[in-house]
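One structure is given here, and the rest of the page talks about it.
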Amino acid sequence: MKTLKESKVGDTVRVVKLHGEGAVKHRIMDMGLTKGAEVQIRKAAPLGDPIEVTVRGYALSIRKADAEMIEVENA
């Protein structure tokens with residue numbers, strides 16, 4: 001499986017599983033990145049970190065370290 005970090009700009013993916021534990025996992029879930037959510041990769045910063053995604057109708061910037069914990073599949 002691939003992670004959100006490995007997804008390319010323009011891709012639309014679906015969250016399959018969240019890795020990590022404790023406060024980090026809860027923070028990711030609070031941002032709307034839960035199992036089954038569709039995520040569109042909008043753009044990446046010039047140096048690649050952070051990436052901007054659209055999830056549940058709003059724009060969200062997420063660090064690549066956090067994006068690495070989100071397992072996704074093609075939508």
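If you read the sequence from its start, that first residue is 1, and numbering goes on from there.
A distance of 14.5 Å separates CD1 of Ile70 from CE of Met1, quoted to the nearest 0.5 Å. Expressed to the nearest 0.5 Å, how far CZ of Arg42 lies from OG1 of Thr54 amounts to 4.0 Å.
Just one residue in the list Val13, Ile41, Val39, Leu33 forms a side-chain contact (heavy atoms from CB on, under 4.5 Å) with Val72, and that residue is Val13. Shown are Thr3, Ile62, Leu18, Ile28; of these, the side-chain contact (heavy atoms from CB on, under 4.5 Å) with Met69 is made only by Ile28.
Listed by chain and number, the residues in a side chain to side chain contact (heavy atoms under 4.5 Å, CB included) with Lys64 are Lys5, Asp49, Ile51 (sequence neighbours excluded). In this structure, Arg56 has no salt bridge (charged side-chain N to carboxylate O under 4.0 Å, His left out) partners at least two apart in sequence or on a different chain. Looking at residues two or more places apart in sequence or on another chain, you find a side-chain hydrogen bond (donor to acceptor under 3.5 Å, both in side chains) between His19 and Glu71. Here Lys2 pairs with Asp11 under the salt bridge (charged side-chain N to carboxylate O under 4.0 Å, His left out) rule; sequence neighbours left out. With sequence neighbours excluded, no residue satisfies salt bridge (charged side-chain N to carboxylate O under 4.0 Å, His left out) with Glu6. For Glu68, there are no side-chain hydrogen bond (donor to acceptor under 3.5 Å, both in side chains) partners, not counting sequence neighbours. The side chain to side chain contact (heavy atoms under 4.5 Å, CB included) search around Ala45 returns Pro50, not counting sequence neighbours. For Ala75, the side chain to side chain contact (heavy atoms under 4.5 Å, CB included) partners are Thr12, Arg14, Glu38, not counting sequence neighbours. When the side-chain hydrogen bond (donor to acceptor under 3.5 Å, both in side chains) test is applied to Gln40, no partner is found at least two apart in sequence or on another chain.
Screening residues 17-30 for salt bridge (charged side-chain N to carboxylate O under 4.0 Å, His left out), with sequence neighbours left out, gives Arg27-Asp66.
Considering every non-hydrogen atom in both Val9 and Ala44, the closest pair reads CG2-N, 4.1 Å. Closest approach of Lys35 and Val16 over heavy atoms only: CG-O, 3.4 Å.
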